[in-house]
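See structure below.
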Amino acid sequence: MQLLINIDHIKDVSKREWLIDTLKMLNINFETLKPQSIEEYNKEIEEAEKEIENGNFITAEDLKIQAKSW
């Protein structure tokens, strides 16, 4: 299970620090991410489009069929 928390939305610094300290104390793995720049976003889109052009994708229907064997 993965828990997603946008720490940037916690404006109170003490609450943000408390959350991080609590996660560490409970030995819960987490990572913080910095917001993606528009350049990084556009690069990922271009890479994804190349993957699709090269045929590296799976349709939703094929994925449903594959998932039945899991």
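Between Ile10 and Arg16, the shortest heavy-atom distance links the atoms O-NH2, 2.9 Å.
Summarising the geometry, atom CD1 belonging to Ile28 is positioned 13.0 Å from atom CD1 belonging to Ile20; distances are rounded to the nearest 0.5 Å. Note that NZ of Lys64 is 9.5 Å distant from OG1 of Thr59, once rounded to the nearest 0.5 Å. Summarising the geometry, atom CZ belonging to Phe57 is positioned 9.0 Å from atom CG belonging to Asp62; distances are rounded to the nearest 0.5 Å. Note that the CD1 atom of Ile7 and the CG atom of Leu19 stand 5.5 Å from one another [nearest 0.5 Å].
The cluster map of Ile, Leu, Val, Met, Phe, Trp and Tyr, joined by side-chain heavy atoms under 4.5 Å apart, puts Leu23 and Leu26 in the same cluster. Using a 4.5 Å cut-off between side-chain heavy atoms of Ile, Leu, Val, Met, Phe, Trp and Tyr, with links allowed through other members, Ile58 and Ile52 fall into different hydrophobic clusters.
Partner of Glu44 under the side-chain contact (heavy atoms from CB on, under 4.5 Å) criterion, chosen from Glu49, Glu39, Gln36: Gln36.
Shown here are the side-chain hydrogen bond (donor to acceptor under 3.5 Å, both in side chains) partners of Ser14, two or more places apart in sequence or in another chain: Asp12. Partners of Asn27 under the side-chain hydrogen bond (donor to acceptor under 3.5 Å, both in side chains) rule, at least two apart in sequence or in another chain, do not exist in this structure.
Under a 4.5 Å side-chain heavy-atom criterion applied to ILVMFWY residues, the cluster that includes Val13 comprises that residue alone.
The local environment of OH in Tyr41 is sparse, with at most 12 non-hydrogen atoms from other residues, nucleotides or ligands closer than 6.0 Å.
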